[in-house]
Every structure is written in structure tokens, then in C-alpha cells.
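Read through the structure below, which is laid out as C-alpha cells, and then see the notes.
Per chain, numbering begins at 1; letters A, B, ... match sequence-line order. In this text, all values refer to a predicted model and were calculated from it rather than measured experimentally.
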Number of protein chains: 2
Amino acid sequence: MTKPPIPEPHRTLTLRDVSEASGVSEMTVSRVLRNRGDVSEATREKVLEAARRLGYVPNKIAGALASQRVNLVGVVIPSLSNMVFPEVMTGISKTLEDTGLQPVVGVSNYQSEREEQVIYEMLSWRPSGLIVAGLEHSEAARAMLAQAGVPIVEIMDIDGTPVDSMVGISHRRAGRKMAEAIVAAGYRKIAFLGTHMPTNDHRARKRLEGFEEALAAAGLSLVDREFYSGGSALAKGREMTEALLKRRPDVDFLYYSNDMIGAGGLLWCLEQGLDVPGRIGLAGFNGVELLDGLPRRLATMDACRLETGVAAAEIIAGKRHSGVIGGEVIEFEPKLQPGDTIRKV
Amino acid sequence: MTKPPIPEPHRTLTLRDVSEASGVSEMTVSRVLRNRGDVSEATREKVLEAARRLGYVPNKIAGALASQRVNLVGVVIPSLSNMVFPEVMTGISKTLEDTGLQPVVGVSNYQSEREEQVIYEMLSWRPSGLIVAGLEHSEAARAMLAQAGVPIVEIMDIDGTPVDSMVGISHRRAGRKMAEAIVAAGYRKIAFLGTHMPTNDHRARKRLEGFEEALAAAGLSLVDREFYSGGSALAKGREMTEALLKRRPDVDFLYYSNDMIGAGGLLWCLEQGLDVPGRIGLAGFNGVELLDGLPRRLATMDACRLETGVAAAEIIAGKRHSGVIGGEVIEFEPKLQPGDTIRKV
DNA sequence: CAGGCTAATGATAGCGCTAACAGTGCAAGC
DNA sequence: GCTTGCACTGTTAGCGCTATCATTAGCCTG
């Protein structure tokens, strides 16, 4: 009873083709394919069979235009190669999975101008919502977001004013907490190693600001600092650590702006036979899973990335019954993971 | 002379709004915003000013429907947290940058069924092309791809038959080459450590097949193997290595299915004071930049990921003037990077 | 000065789908 | 019988844009 497949070379199929092939109206086909409204079992079968046989794939562009609904959620992040963002994505994807919404990723490469373009591009597809990393955007970008008429969630930072909602941790606070832990453990000659920041990474900058604030409160200040950009983070961590300790052999603590360079530094210190955490302590930032396999667990601070992704997606999906109409603020508490590279008090 | 910004609370703007605000027809506005056709300088200015003032963002859905053109390229990959795929993405993004095309990422989590859904979803947006990792897809997925009517590029593997074009390396060959190098270096008791594959990673499987083929040709076979799934790859690499060497202390070479577990194994071996590569050799796969910072460079094989991304994007963008009409096949040569964990011959 | 050209702009008709409403047939209720 | 209600299916009118063709004014050519 199966009719032969239709060989028709190439005109892209429309609802009409399926409608003709199955002998019902386009509307009925549309209903079947979307599982909407009442359709008799017999008709449903007939339509599905025809659609399958033809290899019909609905045109969501037309559907979206007609229904004024788009099941996409834009996600704008600075980079994919950072390991940090994929984890946020995981939280977002998981949460959206059963909502019919689909995340679409855009990458800004830490460039504000590029970010603006990406946001423009995304909004022009009229998504159901937008998740954007960070609170710092160009003025035009902020204006677009504010105008968009859909939920906007800025994530991974809450030190600032959001356009709409924001979810994440306070990096300033995270930096402060880490400094306090380090000082409490008795370290006094503390140095910082991180990315070149002024242009790029606002979150790393805020972390450092908080860190220095807390040092100042303890009557201390950074004794040295070292910056890098580009290249393999692990290798850079090594090089920077070596350079810094050659220059300032008296330093007794190294605070890294991320775990990867911290791991590089740790490997170098261990190879040199330095007593970690006795002679020198180390700490990074992020709680990357990767670190589990290192010879010693690097002290770090969890940035609650998974939770952040989940909460952001929930706001967009309207799963959060907070009573608040938009403009939610969700702060997570960064957790210190002392690991084995900071003295126990 | 600047008119005040319009506060209009919230009805999303259309071309008509801009047209009314600037006193020309919608068509002219459309022309200005797309830089198409002749428009006098005076009119252009007027329109742009109005569009900016209103904060108008064009509706690409409507535009795409009307013009039957969509500037999106779908990219379907198994995972974002693998480090491998972000690098391919980099190649794709760079190449598409100046073509007006935009990549859109979809993630299949190594599940064929999920992949099918993602492909369906992407095709329903009628993209200009699709880039899909791997050659193994569900039958339905293959049918959809074949029907799509746009360029399809399957990447990162060429051991099989493509739907349309394919770009990448032969994993079978890569496995073979690695085995030959290992045998040539004098190792004889060789073990394999990798992911649980049957269900998942076809490329890892093909690599292993090629590897065993070449061993067989040298009259050898794997003396042991160890599989894992999930968890921190670095930590797993450690654990598996320890388990395997406890079980078979006579093994003299460990072939890992990826660099991360290889790195974990390397760290463990070095801690144990094993003579690497004298007493035992190690090799991974992929050439992840990360490895640069390790105490010793792990032997590995570059999978040409950047080049693969670039070439795939070029095919979609029509930048490749090969004379071939679709159905291109581009093979890259995986390069052995002997590092410091395999004996010099 | 008709005829023809160009440059700039407008009018019209969809793109492929869905919302909203309008049937249609049939069984049950009075 | 007629009404009422229900289950199903069809009709109509856009969604916001762009392709295409038509129109207008201005200017040149012979």
C-alpha cells in the first residue's frame, strides 16, 4: 500500500504540496504538523504519511512571520574557547530543552563593536529573549536591548545596572573574598597575574579591583603584577610565573585571573620543587572541572556558571514565578574552594 | 535641528513607521537600509536619521520570506565542551566574516536522534548551507540533508560517503600512522585508553580501527584497553592509566583517544617517576594548544581543525573555484607531532 | 519638440505560513 | 422535526518585508 517516493528533483516543498498529496486543506496539514487543534486520527495519518514521503520540512520563516512567534533565544558571549561559556551554555540548553525554545549562540570576541553587531543581528530575528554576557555594552547596544520588547538577561556579573534582568555573581566580591582568605592564611607578599584587561574583560577587572580593595583594607597592596594576552593559557601561566618569580623571588602568593594560567603556574612551581602552599600559595578563578586531574588541586572560586545559565534560561522561559515583572536580579554566592595550594589556617 | 527621540512605549516598529517618519515610501526605506538600488543622498540621510531616531531594527524574518534568502549557515556539532569544535568554529567564523553569512551553532551531544532534530530545526530556517560534523547520521537525517537544496558539508572525517561535500582527515589513516610510528620506535606492548565508543564517537572508533590494523600488519595486537565516559577528562586519564598499569605493568606504550586523557596519564606517569619515553611511551590525539604548557609535550596528531573549518565555510560561501559543482572532497593530512613522549628512532 | 534615456521613487503582488472565524455533518435532546 | 452542541475541516486575511514593474521628472539627442 505504500506509494512510491516522489523523485521530483528540486523545488522546495510547501504546505500546498503536502496538502495536495494528502487531499486536505493547507490549514489541516499545518494543524497536523504542529499538533494543534482537533484533527481526526485518519486525516492525521494521511497527512503525516504524505509529509514523510515527500520529505517536507516546514518553513519556519513563514511560520514565524505569520504567528509572530519565534522559538529562538539569542545567547551572546565573548568566546567559545574559554571553557567558561560552554558550561553556561550547558545550563541554558538543559533548561530550555523542554520549553520548545532553542538557544542560538553569537560570539563577540570580547569586542564591544562586534557585540553590538551580533545583538543587532539577533534582534532582527525577533527572538523570544536574549541572554548577554556582561553588563558593559555600547550605548547603541543598550538602547537596542532596552527597545527590544522581549526579556533580556545579562549574566555572569551583577556589579552594575542591568537593562532588564541580571543573573550571576559579584566579581568584585569574589576578588575581595579571595584576598581575605589569602591574607587570613598569613600570606603578605601577594602578586597578580592575568590577562591584559583594560579593553577586554570587565569581569576580570572587577575581580582585581575587589581583590585590591580587600588587600588595602588589610593594609597591604600588590607587590607585583604580570599581564599576558593570547597564546596557550597553560604555557603563558608558566612563563609569567617564571618571569615574576625571577623578578620578585620574595613573593609568597600568586593570584591568577583564571584557572588555566593558574594551572600552568602550579605545574611550574611543582617542577621547581617549590613548597606549595608553604613557601608560596596559589589561587585561580573559576572552578574549571579540568583542574580535578592536576597533581594538586588549585585554590579557586566557583563562579556558579551552571546555575547562572539555568536561572537565565528560566527567566526567558517564564519558569520563574517570582512575582517580579521583568527586571529580576539573581545573585549567586561564589564559593571558595581552598584546594591544596593555600595554607590551612 | 535634531528632533526629539520618540518615546512610544511598545509596539514593535516596522518599515511603515520609518517610512512615515521620513516621508518616503516603504520601498525606499527598504532600499536605503539594504544599500540597494539608487537612492539620492538627501533621501538616504533622511531615512537613516529617522531609522536611528526610532531605534528601528529590521525584521529579517519578513525580509527572508520575501527575498527567499537567508544569510545563515547552520553548524551541527556534537559538543561545545570538547575544545575541538570551538577551533573548527573559529575557522568557520573567520571565513564567513566577510561574506555576509552568519554561522548558527547546534549541538547534538553525540546523539544521533538529537542530531536529527537539530538538522530538522536548522533546515526549517532555510539556511544558505549546512556544516555537519561526521558522516554517520540517521537515515532520516541523511534524507533531509540530501533534499535540502543547499550546500551540505560534512566535516572532520572522510572515511565514508558524503551526502554532498566533505572536508577533513581520515581518522583510520591517522590511527594507522600513529601505530606505525609507535612500532617504528620499538614499542611492542601497546595498550589503548579511550572513551566508550560503540554508541558515540565514530571518529575515535575509526582511529582505533586504523590503529589496530597497522598493529596487525606489524604482527602485533593491543595487549589491553580501558574505557571511560563522563567526568573530568584529565582526572579520568590519571585513573585509567593507574588502573591499566596496575593490571598490566609490562605495557610499554599508552595510546589515548584524546589529548586531555593523555595529559592526565602523562602527569600520573611523571609523578610515579616512570621514565617517559624510555620505559613507557604515550600518545594522544588532536594537537590541543593546551598541551603546550605541560611538563613534557605529549606526542599527538594534529587533526587540521582550523583548516577544516575554513575549507568547509569556503565551500558554503562559494569561495572555492574548484570547477566542481558541489560534492567536493577535501582531505587534509594529519601531522604527527612526536613531542617528548615517544622514543626518537 | 518628439523620442528616448537615466535616475529616483512608488504601487502592487506575493513569499509560506497561521489566527480567527466560518462552515459542515452528525448525534443527541426536546 | 428542529435545535443544539461537538468534532472536524475549510476560507479569508494578513504577518513585514522585497521583486518587479510602472511612473515621474529631468535631460539629452537629432
Starting at atom [atom1] of [X], determine the distance to atom [atom2] of [N], rounded to an integer number of angstrom.
| X | N | atom1 | atom2 | value |
| --- | --- | --- | --- | --- |
| A:Leu65 | D:dC17 | CG | P | 9 Å |
| B:Glu26 | D:dC17 | CD | P | 8 Å |
| B:Arg69 | D:dT18 | CZ | P | 9 Å |
| A:Ile61 | D:dT18 | CD1 | P | 13 Å |
| B:Arg126 | C:dC17 | CZ | C1' | 11 Å |
| B:Asn71 | D:dC17 | CG | P | 15 Å |

Worksheet item: Does the side chain to side chain contact (heavy atoms under 4.5 Å, CB included) test come out yes or no for B:Val132 and B:Ile155, once each step is laid out?
Response: CA-CA 6 Å; B:Val132 188; B:Ile155 58 170; over 6 Å; no

Worksheet item: Can you name the nearest heavy-atom pair linking A:Asp164 to A:Val150, along with the distance?
Response: OD2-O, 4.3 Å

Worksheet item: Where the side chain of A:Ala66 is defined as all heavy atoms beyond and including C-beta, which of D:dG16, C:dG10, C:dC17 is the nearest nucleotide?
Response: C:dC17

Discussion item. So, using side chain to side chain donor-acceptor pair (under 3.5 Å) as the criterion, who are the partners of A:Ser124 when residues are at least two apart?
Written reply: none

Discussion item. Applying side chain to side chain donor-acceptor pair (under 3.5 Å), can you list everything that pairs with B:Thr28, at least two apart in sequence or on another chain?
Written reply: B:Ser25

Discussion item. Just to verify, which of B:Ile316, B:Val104, B:Thr99 counts as forming a side chain to side chain contact (heavy atoms under 4.5 Å, CB included) with B:Val73?
Written reply: B:Ile316

Practice prompt. Could you check which residues of residues 118-125 of chain B get a heavy atom under 4.0 Å from DNA chain D? Sort them by number, please.
Written response: none

Tell me whether the side-chain N/O atoms of [X] come closer than 4.0 Å to OP1 or OP2 in [N].
| X | N | answer |
| --- | --- | --- |
| B:Tyr56 | D:dG16 | no |
| A:Gln68 | D:dG16 | yes |
| A:Ser25 | D:dG10 | yes |

Among side-chain atoms of [X] and [Y], is any donor-acceptor pair under 3.5 angstrom?
| X | Y | answer |
| --- | --- | --- |
| B:Glu121 | A:Asn71 | yes |
| B:Ser30 | B:Arg34 | yes |
| B:Thr90 | B:Ser93 | no |

Worksheet entry | Ion pair B:Arg44/B:Asp38, N-O distance below 4.0 Å | no

Worksheet item: Should the pair A:Arg305-A:Glu87 be classified as a salt bridge under the 4.0 Å nitrogen-to-oxygen rule?
Response: yes

Item to complete: Give B:Arg16 one of three labels, base, sugar-phosphate or nothing, depending on what nucleic acid heavy atoms sit under 4.0 Å from its own.
Response: nothing

Worksheet item: Using the C1' atoms of the five pairs at each end, what is the angle between the end axes of the helix from C:dC1-D:dG30 to C:dC30-D:dG1, to 10°?
Response: 60°

Practice prompt. Check each residue of residues 29-44 of chain B for a non-hydrogen atom within less than 4.0 Å of any atom in DNA chain C, then write out the ones that pass by number, or none.
Written response: B:Arg31, B:Asp38, B:Val39, B:Ser40, B:Thr43

Discussion item. Checking A:Asn59 now: which residues fulfil side chain to side chain contact (heavy atoms under 4.5 Å, CB included) with it, not counting sequence neighbours?
Written reply: A:Ile61, A:Ala62, B:Arg126

